[in-house]
Amino acid sequence: MLKGIMLIVMAAACWGLGGVAGQYLFQYHQVDAVWLVMVRQIVAGALFLAYTIAVLRQNIFTILRQHFLSLLCFSFVGILGAQLGFYYTISLCNAATATVLQYSAPIWVMVYMSYKHRAWPDGRELVGICGALVGVFLIATHGSLTSLALSPAAIVIGLLSAISYAFYSIQPVELLKHYPATVIIGWGQLLSGLALIAVRNPFTPAGSWNMQAYGAMSYLIIGATIASYALYLAGLKIVGSTKASLVSCAEPLASIIAVVLLLDTRLVLPDYIGMSCIIFTVLLLSLPKK
């Protein structure tokens with residue numbers, strides 16, 4: 001059990017540090033968010049599909065013939081919306097804030113499920129909604145009723161990325177009954193990345209590049225995508241989905257600690273309180289109902 005928990009913590013830390021690597025590239029190397037997401041998605045998607053062929057010995061093309069429209073929907077609304085929204089939000093504020101805003105995704109899942117089943121949220125879920133609203137309010141305004149601490153674009157795009165992430169969590173349920181997760185994620189990333197070639201040339205990166213920048217970009221592809229996914233699945237097999245979702249709350253904590261210590265990002269008390277409200281909400285909603 002301890003091994004499983006440690007694997008999930010390591011996976012969550014890898015995910016959280018991925019946002020920090022993105023902020024480093026935006027802050028110190030003026031890298032373009034669209035280019036970063038495009039290259040990351042294309043390379044990571046190709047690696048996932050190569051793994052599926054070489055290791056899992058699975059056919060990666062069947063899904064294109066049988067569920068192409070569903071896969072496209074997952075690729076563009078789910079993966080592209082979540083990833084491009086997340087990294088663009090980082091470019092507008094910081095990795096910790098963007099991570100916590102996207103971490104409100106379970107609230108949107110809960111709202112959707114309540115609407116689908118035509119049932120009001122129960123007491124715990126209502127507390128969760130209130131906690132998330134308070135958290136977003138404090139992050140966005142620092143408690144002021146007359147001014148914003150973040151740009152309106154950062155708030156809107158950050159919350160839209162959370163909605164896309166909620167869609168990412170719900171939509172592929174049927175696909176997962178028929179195909180390995182690596183096939184779905186691999187094609188989703190590859191197709192969404194290739195679509196961005198229409199607006200950016202992948203061979204002409206913006207910004208200034210040195211060994212540190214290449215290292216951060218390599219980590220985004222390998223550490224924050226491939227390694228984190230592998231660690232999470234390995235831990236999931238040991239601890240189960242409920243404990244995995246609880247332990248994965250280490251992701252925003254890792255991001256908060258890293259941006260403060262490594263990138264000299266200044267967060268104030270309302271930021272910490274607001275982030276704590278959202279993390280508490282996710283923990284509360286992750287607990288199984290009795």
Side-chain angles (χ1 to χ4, degrees), residues 12-13 15-34 36-37 81-111 126-168 207 216 220 224 248-285:
W15 278 320
L17 293 176
V20 177
Q23 181 179 333
Y24 170 78
L25 290 170
F26 300 143
Q27 186 172 319
Y28 294 104
H29 296 278
Q30 295 75 51
V31 174
D32 175 69
V34 174
L36 181 148
V37 170
Q83 293 301 314
L84 184 56
F86 175 64
Y87 282 100
Y88 196 74
T89 304
I90 291 174
S91 72
L92 296 173
C93 53
N94 61 74
T97 301
T99 301
V100 174
L101 286 176
Q102 192 178 73
Y103 220 65
S104 67
I107 302 297
W108 302 106
V109 172
M110 181 194 67
V111 170
L126 287 173
V127 170
I129 292 174
C130 293
L133 290 174
V134 170
V136 171
F137 171 76
L138 289 173
I139 291 170
T141 68
H142 287 177
S144 172
L145 295 176
T146 58
S147 62
L148 292 174
L150 297 179
S151 69
I155 300 167
V156 172
I157 295 173
L159 292 176
L160 286 176
S161 77
I163 294 173
S164 290
Y165 192 72
F167 181 87
Y168 172 100
L220 273 173
S248 65
C249 286
E251 178 185 351
L253 295 177
S255 183
I256 293 167
I257 293 169
V259 297
V260 171
L261 296 182
L262 301 179
L263 299 181
D264 297 323
T265 300
R266 290 192 61 192
L267 300 176
V268 296
L269 183 60
D271 288 319
Y272 289 114
I273 296 174
M275 291 175 181
S276 299
C277 286
I278 293 176
I279 294 170
F280 169 76
T281 292
V282 175
L283 282 168
L284 182 66
L285 296 178

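Taking SG of Cys93 as the start and CZ of Phe26 as the end, the distance is 10.5 Å to the nearest 0.5 Å. Distance check, rounded to the nearest 0.5 Å: CD1 of Ile157 to CD of Gln102 gives 12.5 Å. From Ile256, atom CD1 reaches atom OG of Ser276 across 7.0 Å, with rounding to the nearest 0.5 Å. Considering CZ of Phe137 and CD1 of Ile273, their distance stands at 12.0 Å, rounded to 0.5 Å. Atom OG1 of Thr141 and atom CG of Leu150 lie 9.0 Å apart (nearest 0.5 Å). A distance of 10.0 Å separates CD1 in Ile155 from CD1 in Ile139, rounded to the nearest 0.5 Å.
Counting all heavy atoms, side chain and backbone alike, Ala258 lies closest to Val20 at CB-CG2, 3.6 Å. Nearest heavy atom pair, residue Ala33 against residue Leu84, reads O-CD1, 4.2 Å. Closest heavy-atom contact between Ala95 and Val259: CB-CG1, 3.7 Å. Closest heavy-atom contact between Gly131 and Cys277: O-CB, 3.4 Å. Scanning all heavy atoms of the two residues, the minimum distance from Ser164 to Ala82 falls at CB-N, 3.3 Å. The nearest pair of heavy atoms linking Ala224 to Gly18 is CB-CA, 3.6 Å.
Here the side chains of Phe86 and Val37 are not in contact, with every heavy-atom distance at 4.5 Å or above. Side-chain contact check for Asn94 versus Leu267: some heavy-atom pair is nearer than 4.5 Å. Contact annotation: the side chain of Thr97 never approaches that of Thr89 to less than 4.5 Å [non-hydrogen atoms, C-beta and beyond]. Inter-residue side-chain proximity for Leu138 and Met275 is flagged as unmet; no heavy-atom pair is nearer than 4.5 Å. Taking the side chain as every heavy atom from C-beta outward, Trp15 and Thr99 never approach each other to under 4.5 Å. Using a 4.5 Å heavy-atom threshold, the side chains of Leu160 and Tyr88 count as separate.
Every residue meeting the ring-ring contact (aromatic ring centres under 6.0 Å, His included) condition with Tyr165, not counting sequence neighbours, appears here in chain and number order: Tyr168. The ring-ring contact (aromatic ring centres under 6.0 Å, His included) test applied to Tyr28 returns Tyr24, not counting sequence neighbours. Here Gln23 pairs with Gln27, Thr265 under the side chain to side chain donor-acceptor pair (under 3.5 Å) rule; sequence neighbours left out.
At distances below 3.5 Å, not a single donor-acceptor pair connects side-chain atoms of Ser104 with backbone N or O atoms of Ile107.
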